[in-house]
Structures are given as structure tokens and as C-alpha cells.
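So that the names make sense, note that chain A is the first sequence line, chain B the second, and so on, each numbered from 1. This structure is a prediction, so every number in the text was calculated from the model and none was measured.
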There are 2 protein chains.
Amino acid sequence: MTLTDLRYLVALARERHFGHAAERCNVSQPTLSVAIKKLEEELAVTLFERSAADVKITDIGARIVAQAEKVLLEAGQIKELATAGRDPLSGPLKVGVIYTIGPYLLPHLIPRVHEAAPSMPLLIQENYTARLAESLKRGDLDVIVVALPFEEPGIVTQAVYDEPFRVLMPAGHAWEKEKAIAASSLAEAPLLLLGAGNCFRDQVLEVCPMCRSGEGLQRTLEGSSLETIRHMVATGAGITVLPSSAADPLPDGNALLSVRPFVAPEPFRRVALAWRVTYPRSGAIDVIRSAILASPLAGVRPVNR
Amino acid sequence: MTLTDLRYLVALARERHFGHAAERCNVSQPTLSVAIKKLEEELAVTLFERSAADVKITDIGARIVAQAEKVLLEAGQIKELATAGRDPLSGPLKVGVIYTIGPYLLPHLIPRVHEAAPSMPLLIQENYTARLAESLKRGDLDVIVVALPFEEPGIVTQAVYDEPFRVLMPAGHAWEKEKAIAASSLAEAPLLLLGAGNCFRDQVLEVCPMCRSGEGLQRTLEGSSLETIRHMVATGAGITVLPSSAADPLPDGNALLSVRPFVAPEPFRRVALAWRVTYPRSGAIDVIRSAILASPLAGVRPVNR
DNA sequence: GCGTTGTATAGTTAATCTCTATCACCATTG
DNA sequence: CAATGGTGATAGAGATTAACTATACAACGC
């Protein structure tokens, strides 16, 4: 029993004439004749009474035809689903973003994606890079926004933008008179840091290796966020390093904080998209990339592909 | 897209492993692999993400698999319908009976058929032979009970029983002293007859050709029934001829009527079943025949096949 | 009876399906 | 870092199936 057989069956039930039914199915009369006969043998029931005058459907035949129509209808739905699903910009996209990007990127990203792909709702999760990577590989996420380096088997990454680091200090801090801060000077400062697991923490520590080993003044704030740290800096609890997208857009007339760039070469992080090599909706990823690049993130520099 | 393809698809969605899915489908791994690939090409969507680690279903793939399961379920129903319909004794049987048999046969027939084939309800129609024949050929009836001769193209008949005719007269009639009545004497009697269209009318007239041509005393009662005629005989309106099944089972102690047989050779009618040669439920017809023969119809003689 | 209409059958060709064998890829491991 | 094992894809051969054309066969109607 094949779907073709069922189509022949339904056509014959409608036409009650082998020749006409065959014509409607674009096959020869013997083809349809043989198919119906085969179907009757397979089901071991007589579906039609053939006589010279006409073709009559049996009671059981009528019931089976009705069921066959249902099967064909449902099968047709598969094609419709496929047609609808062919558009990579249709259907939800599961996006992961690291904690130190999400709050600054998403408010810009979401409306832009919605505009570019109205029928692609975003299901967004913020997490650590390691967790995002796991979800991505498991298939719980489709694409993630992380900082490089990021290497995983089966995962491709595409750099999107570079983002310089900034030094954030309370207003009136001694460094406020400097135009730019040297990375080395961080070792002497009471540096507020995110907890372990945040890649940005490691990147900051890399900027100033002495900070890590020196057991200096820096303090790790477990379970915290860049926003919390910024508030702490404002209260004079210390200084910190922020990515430019988080540091530069200070609320107008914020008198409690000062931001300074690093002296060249500025330390920066490279932000990238990552997805499974096998992920088929590359068009959706292109939309995400474009939306990110169209977002007004302070201080960032696009990375050419 | 075939039902086999859909089975492969569902198996792969369940197993998430080409080899295992193939095994479950009793085919080789390349067979399943190629089938899935073909399906993806036909639908122009990626259903699975293949990687070394594992096989992941895409969102659209999951939706299509769910639909495929529905299709397979509905297709399975076809086989179930066929299995249920394979029994000729299941499902209603549309039976037609002529007016002069129905009232005497059906009260016996129905319970016997119900006992022999409980899941074969009878849909019964009484009518003239000509109407029954028409319905039978059109497929509105499956089998009819008629009196021979009955010849129609595409219709087979099977004699079931012979039924002698009787003379019915009011009690006290002059013929009551006779043990048997000669057919020829009917010409002189006030014979009450059924209306045109009833085959029994013609059969009675055939018993006594003079009645037809002679413009004798006989009266045709249009739109009447044997029962009505019997009541009229009881009131002394005339005499009549009845089939034995209608004449013999007189209500106990009916003092108003007398029944007499004809002198040999007794006139009789041959009652038969008829159905389309193409009708597939011959088992159902056998049940009807057996039930008729098991019915205690007064005076009838079974006809060997 | 003979032609017409309609379905079944035969035989052939073409497409499809399925198999075995093998390749290519990747991830793990000594 | 090369070897290994597990996994899916591909190639080519063989078998099955489905389709066609031509024709037979059956049942009616004139």
C-alpha cells in the first residue's frame, strides 16, 4: 500500500470508471486497474464491484476510501509544513548570549531582528560561555554570542566585532586626570572582578597578569554582574574594567563615574557568533549578524569576514 | 514521498541513529540513509543535523515527523478497516423482499439471521419485484427475495423453496366440502386479486388463464395486501388464492375461513434469492438462505441447489 | 451476431529500491 | 600525533516494482 495506490483508489471512488480515474491520475487504465487489484489483494477485501454497466463501490470500500482520503490529507500537510519550514527566517531561533554582552546588545538586537524577520521570534538565554557551548552542542540553542577564543569540535564561529576595554573609576579618582590608563597600573588598584566562569573576568586578568598572581587588591564578586560592579564603583568601592559597550553609554550627567580608555594598544575582546556546522538555517544567522552590526554599541569595531 | 519513507523518517527520529533505525526497519543503513536524503530533497528542508557525535532533528523536522506519525496512524486504520470488513457477516446487509413474502417470512427470518450473524443488521425493504430489481442493480440493495421467473443481466438467482397455492374461501362456502379445488373452477368464482405489479397476481392468473381473458367475476384490489384480501374473504366478499405460507397458518379457531389445496398438480411459486454476480459478500447470502430454509413456512418444499 | 464499451491480462521497458562494499569524517585514546 | 572505532555518505550491481502499449475478454445494445 503506497500513497500512490491510495490516490488511485480515491480517484476511482470519485469517477466510478477506471478509464476516467486513470486519466485524472495521469496514468494508463491498466496501471490503475492493476494497482486497485493489488490493493484489494493486499487488504483481502473487495473494494469495487466491477460490471459492464458501471463500477460500484462496496460498503467496506467506501469506508476505506474515506480513510484513504484522510491519509492523503494528512500527507499533504507534510508538504505544507515543509513549504512553511523552508524559510530559514520562519520559526523560533534559540539564541544564547554571555552575561557580559546580553544586557547591552539585546535591547538593540531584538527590535532589529523583529524588523528583519518578523516571523522568527527569538528565544534567548543568557549564561556562561561553557554552558552556552554545551546547550549549543546539545541542540538546545541554535546560535550563541560569545567572546573569542572559542573552539569546539563541530562548531563554527564567526567574529562579528571587536570591543575595546575601558577603565571605570569613581569620579574624583586620582587617574581621572590621565587621558588613558596603562594596563600595568591596574595591578596596584582595588579591582572589582566578576566571578569565575565569566570569560570577561579572565580576559581582564589577561590584560594585567600581575593582578592574578600578585594577590593584590582586586576583589572577586561571585554571582554579580557588570551593572552591580558599576554601582559599586560609583560608591567608591574600587575601580573596574568594562567593555566599551557597557562603559561608554553612561547615563547623561552621571557625576559619580569616570571612564578612561587604555593606552594603546588597547586591550579588547573579539565577539563572535557560533553555531553547529550542521545547522541548516544559515539565513537566520546572517540576520542575527546583520542585526548585531546595526546595533549602536559604543566603541565597537566591526570585523570583516 | 512514500509511506515507507515516512516509516524510515519516524524510526530515525526515534532512534537518532541511522544504523539502529535501519535495523528497526529491517533494511540496511544505506537504504535508510538514501531514503532520508531523498525525502529531504523532495521536501527541500533539512530534517536532521548529522554529526559524528549524534543525529539531531531540526525544528521543522520534528514537526514533519509528528505529521508523518499521524499519516502512518491513519494508514494503519485502513488495514484495520480491511480486517474488520473482511468478514462478510459483519456490516449491514440491504435486503429486499416482495410484498407477498415479507409479512410471512421476515418474522421468522430476522431472529434467525441475528443469531447466525449478530453483527450483520438487516436493512429491509418491501416492494414490487420490478422495483427491487432496479434497486438491486443500482446497488441500493444487496440481495432480494423474489419469485421466479426472474432474469436480469448481471444478476444471479438461486431458488430456495417452492410454495404451493391454496384456495381461501369463507366458512360455509360451497367448495368447503371438496378436499381439493381444481384450478379451472376458479374462473367461475368471485376471485379477489392483488393489484398490478404484484407478481403473485400474475401467477394466480396464470393458474387459471380463463380468469384473465374471461372478464369474469374476479376483482382487482389496487394497493391492497394479502392480509386485506384475507379479511375481505372472511366477510364473504369472495374467494382468493394465497401462497401456503400465507394461507395455512390460520389463527387458531378461525371460524370464518376455510382453506383448500388445489388438485394435483398443485400450482406453486418458486421463491429465490437474487444478487449481483459481482456482489462479494456471498457468505452473507448463504446465511440468508439458511435462515429462510430454517423458517417454519407452512407448506413449502426446499429446492436443492 | 457484431460492434461498442469497459476492464483485465501479457509482455516489455524504465525507474526505483535495496543490497554489499567502501569511503570519508571526526572524536577519542594510547 | 597517529591509530582506532564508530558513524553516515557514496558507488555500483542486482532485484523488485511500476509504468507503458498492445491485446484479450466480457457484457451489453442495436
K.L.:
When all nucleic acid strands are considered with a 4.0 Å heavy-atom cut-off, which category describes Y8(A): base, sugar-phosphate, or nothing?
P.N.:
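Here Y8(A) touches the backbone only, sparing every base.
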K.L.:
Just how far, in rounded Å, is P of dC26(C) from NZ of K137(A)?
P.N.:
15 Å
K.L.:
Looking for any heavy atom pair under 4.0 Å, which part of the strands does N26(A) touch: base, sugar-phosphate only, or nothing?
P.N.:
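Sugar-phosphate: the residue N26(A), judged by heavy atoms under 4.0 Å, touches backbone atoms but no base.
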K.L.:
Using whole Å, what does the distance between atom P of nucleotide dT5(C) and atom NE2 of H17(A) come to?
P.N.:
10 Å
K.L.:
Taking the side chain of V55(A) as its heavy atoms from C-beta onward, which of dT7(C), dT16(C), dT10(D) lies nearest to it?
P.N.:
dT7(C)
K.L.:
For a quick test of reading the model: is some side-chain N or O of K38(A) closer than 4.0 Å to OP1 or OP2 of dT17(D)?
P.N.:
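Negative; the distance criterion is not met.
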K.L.:
E49(B) has an atom CD; how far is it from atom P of dC25(C), in whole Å?
P.N.:
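To the nearest whole Å, that distance equals 19 Å.
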K.L.:
Taking only the side-chain heavy atoms of F18(A) (C-beta and beyond), determine which of dT21(D), dT7(C), dT10(D) contains the nearest atom.
P.N.:
dT7(C)
K.L.:
To the nearest angstrom, how far is R7(B) atom CZ from dT18(C) atom P?
P.N.:
11 Å
K.L.:
Closest approach to the side chain of T31(A), judged atom by atom: which nucleotide of dA19(D), dC19(C), dG6(C) is it?
P.N.:
dA19(D)
K.L.:
Want to settle it: does A35(B) or R50(A) sit nearer the 5' end of DNA chain C, counting the closest nucleotide to each?
P.N.:
R50(A)
K.L.:
Tell me which of G154(B) and V34(A) sits closer to the 5' end of DNA chain D, going by the nucleotide each one is nearest to.
P.N.:
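Counting from the 5' end, the first nearest nucleotide belongs to V34(A).
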K.L.:
Name the closest nucleotide to the S28(A) side chain, picking from dA18(D), dT21(D), dT16(C).
P.N.:
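It is dT21(D).
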K.L.:
Provide, to the nearest angstrom, the distance between the NZ atom belonging to K56(A) and the P atom belonging to dG6(C).
P.N.:
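From K56(A) NZ to dG6(C) P: 14 Å.
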K.L.:
For the residue pair D140(B) and K94(B), what are the closest heavy atoms and their distance?
P.N.:
O-CD, 3.3 Å
K.L.:
Please indicate whether K70(B) has more than 12 foreign heavy atoms, meaning atoms of other residues, nucleotides or ligands, lying under 6.0 Å from its NZ.
P.N.:
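12 or below, so no.
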K.L.:
If we ignore angles and hydrogens, is there a donor and acceptor under 3.5 Å between the side chains of T100(B) and R269(B)?
P.N.:
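Note: T100(B) and R269(B) side chains meet the donor-acceptor criterion.
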K.L.:
Between atom CD1 in I36(A) and atom C1' in dT9(C), what is the gap in whole Å?
P.N.:
16 Å
K.L.:
Within the supplied structure, the quantity of interest is the number of heavy atoms (other residues, nucleotides, ligands) at a distance under 6.0 Å from E126(B) CD; does it exceed 12?
P.N.:
yes
K.L.:
Whether the R7(B) and T2(B) side chains hold a donor-acceptor pair (N or O, under 3.5 Å, no angle test) is what I'd like checked.
P.N.:
no
K.L.:
Does a nitrogen or oxygen in the side chain of K37(B) sit under 4.0 Å from OP1 or OP2 of dG8(D)?
P.N.:
no
K.L.:
Assess whether atom CD of E151(B) is packed by more than 12 heavy atoms of other residues, nucleotides or ligands within 6.0 Å.
P.N.:
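Atom CD in E151(B) is not packed in, count stays at 12 or less.
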K.L.:
Separation of F48(A) atom CZ from dA8(C) atom P, in whole Å?
P.N.:
11 Å
K.L.:
How long is the line joining CD of E41(B) and C1' of dT10(D), in whole Å?
P.N.:
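E41(B) atom CD is separated from dT10(D) atom C1' by 13 Å.
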K.L.:
The side chain of Q29(B) is closest to which nucleotide in this list: dG6(C), dT9(C), dA9(D)?
P.N.:
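So the nucleotide nearest the side chain must be dA9(D).
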K.L.:
Please pick, from dT7(C), dA11(D), dT7(D), the nucleotide with the shortest atom-to-atom distance to any side-chain atom of P30(B).
P.N.:
dA11(D)
K.L.:
Identify which nucleotide among dA8(C), dA9(D), dC17(C) has an atom closest to any side-chain atom of S33(A), counting heavy atoms from C-beta outward.
P.N.:
dA8(C)
K.L.:
G19(B) or D5(A): which one's nearest nucleotide on DNA chain D is closer to the 5' end?
P.N.:
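Whichever sits nearer the 5' end wins; that is G19(B).
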K.L.:
In terms of side-chain heavy atoms of V27(B), which of dA18(D), dT7(C), dC19(C) is nearest?
P.N.:
dC19(C)
K.L.:
Return the nearest nucleotide to the side chain of T4(B); candidates are dT18(C), dT10(D), dT7(C).
P.N.:
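Taking heavy atoms from C-beta onward, the closest nucleotide is dT18(C).
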